[in-house]
Protein chains: 2
Amino acid sequence: MYNIAITAGGTSENIDGVRKLTNVSTGSLGWNCLESVLNYFLSKDEANFHIHYVLTPTAFRGQLNDIQKKHVSFIEVTDAESVYNAVNDLTKNINITHFIHSMAISDFTFSYAVSVDNLAEEIAAYVNNGGDVSKEKLQELLTLPHSRNEEGAKISSSKPLIIGLKTTKKVISLIKENNKNTVLVGFKLLRNVGEDTLMEVSKKLTEKNECDFVFANELSQISGNEHTGILIADGIIVARPKGKRQIADAIVANMINN
Amino acid sequence: MYNIAITAGGTSENIDGVRKLTNVSTGSLGWNCLESVLNYFLSKDEANFHIHYVLTPTAFRGQLNDIQKKHVSFIEVTDAESVYNAVNDLTKNINITHFIHSMAISDFTFSYAVSVDNLAEEIAAYVNNGGDVSKEKLQELLTLPHSRNEEGAKISSSKPLIIGLKTTKKVISLIKENNKNTVLVGFKLLRNVGEDTLMEVSKKLTEKNECDFVFANELSQISGNEHTGILIADGIIVARPKGKRQIADAIVANMINN
């Protein structure tokens, strides 16, 4: 039995109910991977597979026919924490054989908002009252200032604002931790870098999270349906697919025949 | 000739190419207003009108038939600045008779990112080198720290981050400034407040920007197609519509018969 997990779309961290911190991702590469998996197995008359599709509300969602639908479960998530919980549950409860982790998950989530005004006043008072002006103490102050807005309070729209963000738990590291046999495909999107840097950063991602494959691409290589990048396994480029359809097919074929 | 402008959707401020600060808004109330305007005039065989529909990429966009299409121009915008420029051009170049300003525009745009680490170090060094520890000087430092990340630089995902935001130019104040004869409908969305506060805040919005109508609502009154609120003119509630269709019809009928 093949149990294939795919994550797709960009997460969204709540700031104050009307503002959000979002990660850009249409989710269309993830959807293409879902279609590729369906084609791969159904074209071989292999019915012994299931896709666990983890997606955000803004992720692209296409149409499936009745036969395809039987092979797909949808798991809806919103922010980084909800993805962490969903992937943790999934990889603990089901023997996931293959994992395509294409979702753009926020590295940060909202911690506090404070006006520049109020934070300056707090720091001035702290220093002028003889507070310890070491880097460590100031780090503490900046990690959660007393002058921050109360939770749920309206943010004044007329004054410069500071938003404090804390890091989120990494979802990708869960996958092999929970099941060392899962074949894992990671993704790396960088800006303004050449192939050397893409290879180098992908190597680090591979080592840190035990990825079997990394699909690495550069932001300027993506626009609409135009999309190129490199598929890397063991530090070697195994495919240079062009277009989302071909990228998805390359990922799925390499992953299943791993 | 009726020239009706409608803004719809939520803006999105770029942080670093892959992260964004967004305002929650589906744009469906704006689209309902567009449909109400079309119905209002076309049901009366009145063809002497045009709708200028300013929308963001994520705003809901429904289908129009060929007759309806002739009466609508679409103007696409992304961030707060692009809305400001589009509305400024529109209201200067065309005699807008009615303006429904339902877009959720960010009050803030990205100014800088800095790790808590680096900012703490900068403040410690500043103070320990005998810098002026007044509120004003610290405000200056926090408005644009020297230790901020270079523009376009990769944000390290493993350390707590501070994001500095600056205020954007208010779009709504442009409308009457550029054309005092435009009938203006403003919107106010608040959280966790009662009708008294909604009335009070709407009164301020009206005075500041010379709104002829304000549609005021509270976040918990909106979910999916469920939507209630109050339409206010001259400090008096003129309608309590329920549902986006009825809200749009109330806004359009009151506005045109003003």
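Quick note on labels: first sequence line is chain A, next is B, and so on, each numbered from 1. Scope of the values below: all heavy atoms of this structure, side chains included, with no hydrogens, waters or symmetry mates.
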Colleague: Tell me which of these, B:Leu119, B:Val116, B:Leu189, has more heavy-atom pairs under 4.5 Å with chain A than the rest.
Modeller: B:Val116
Colleague: Of the options B:Ile172, B:Ile100, B:Asn217, B:Thr7, which is the one that meets B:Phe187 in a side chain to side chain contact (heavy atoms under 4.5 Å, CB included)?
Modeller: B:Ile100
Colleague: For A:Lys170, look at atom NZ and say whether over 12 heavy atoms of other residues, nucleotides or ligands are found less than 6.0 Å away.
Modeller: yes
Colleague: Kindly indicate, with the supporting measurements, whether the criterion salt bridge (charged side-chain N to carboxylate O under 4.0 Å, His left out) is fulfilled by B:Asp107 and A:Arg19.
Modeller: CA-CA 10 Å; B:Asp107 299 310; A:Arg19 299 179 175 94; 2.5 Å; yes
Colleague: Do B:Asn85 and B:Ser82 have a side chain donor and acceptor closer than 3.5 Å?
Modeller: no
Colleague: Which residue, B:Lys169, B:Glu81, B:Glu13, forms the side chain to side chain donor-acceptor pair (under 3.5 Å) with B:Thr109?
Modeller: B:Glu13
Colleague: I'd like to verify something: which residue of B:Leu138, B:Asn128, B:Leu161, B:Ile15 has the highest number of heavy-atom pairs under 4.5 Å with chain A?
Modeller: B:Leu161
Colleague: If you draw a 6.0 Å radius around NZ in A:Lys203, do more than 12 non-hydrogen atoms from other residues or ligands fall strictly inside?
Modeller: no
Colleague: Can you list every ring pair (Phe, Tyr, Trp, His ring centres under 6.0 Å) pair that touches residues 100-138 of chain A, not counting sequence neighbours?
Modeller: A:Phe99-A:His101
Colleague: For the candidates A:Thr167, A:Asn192, A:Asp117, A:Leu21, which exhibits the highest count of non-hydrogen atom pairs separated by less than 4.5 Å from chain B?
Modeller: A:Asp117
Colleague: Identify which of B:Ser134, B:Gly164, B:Gly17 forms the greatest number of heavy-atom pairs closer than 4.5 Å to chain A.
Modeller: B:Gly17
Colleague: Side chain, backbone, both or neither: which part of B:Thr22 has a non-hydrogen atom closer than 4.5 Å to chain A?
Modeller: both
Colleague: Could you tell me which portion of A:Ser106 (side chain, backbone, both or neither) has an atom closer than 4.5 angstrom to a non-hydrogen atom of chain B?
Modeller: neither
Colleague: Side chain, backbone, both or neither: which part of B:Thr168 has an atom under 4.5 Å from a heavy atom of chain A?
Modeller: neither
Colleague: Select one option (side chain, backbone, both, neither) describing which atoms of B:Arg191 are under 4.5 Å from chain A's heavy atoms.
Modeller: side chain
Colleague: Pick one of side chain, backbone, both or neither for B:Leu141, based on which atoms fall under 4.5 Å of a heavy atom in chain A.
Modeller: neither
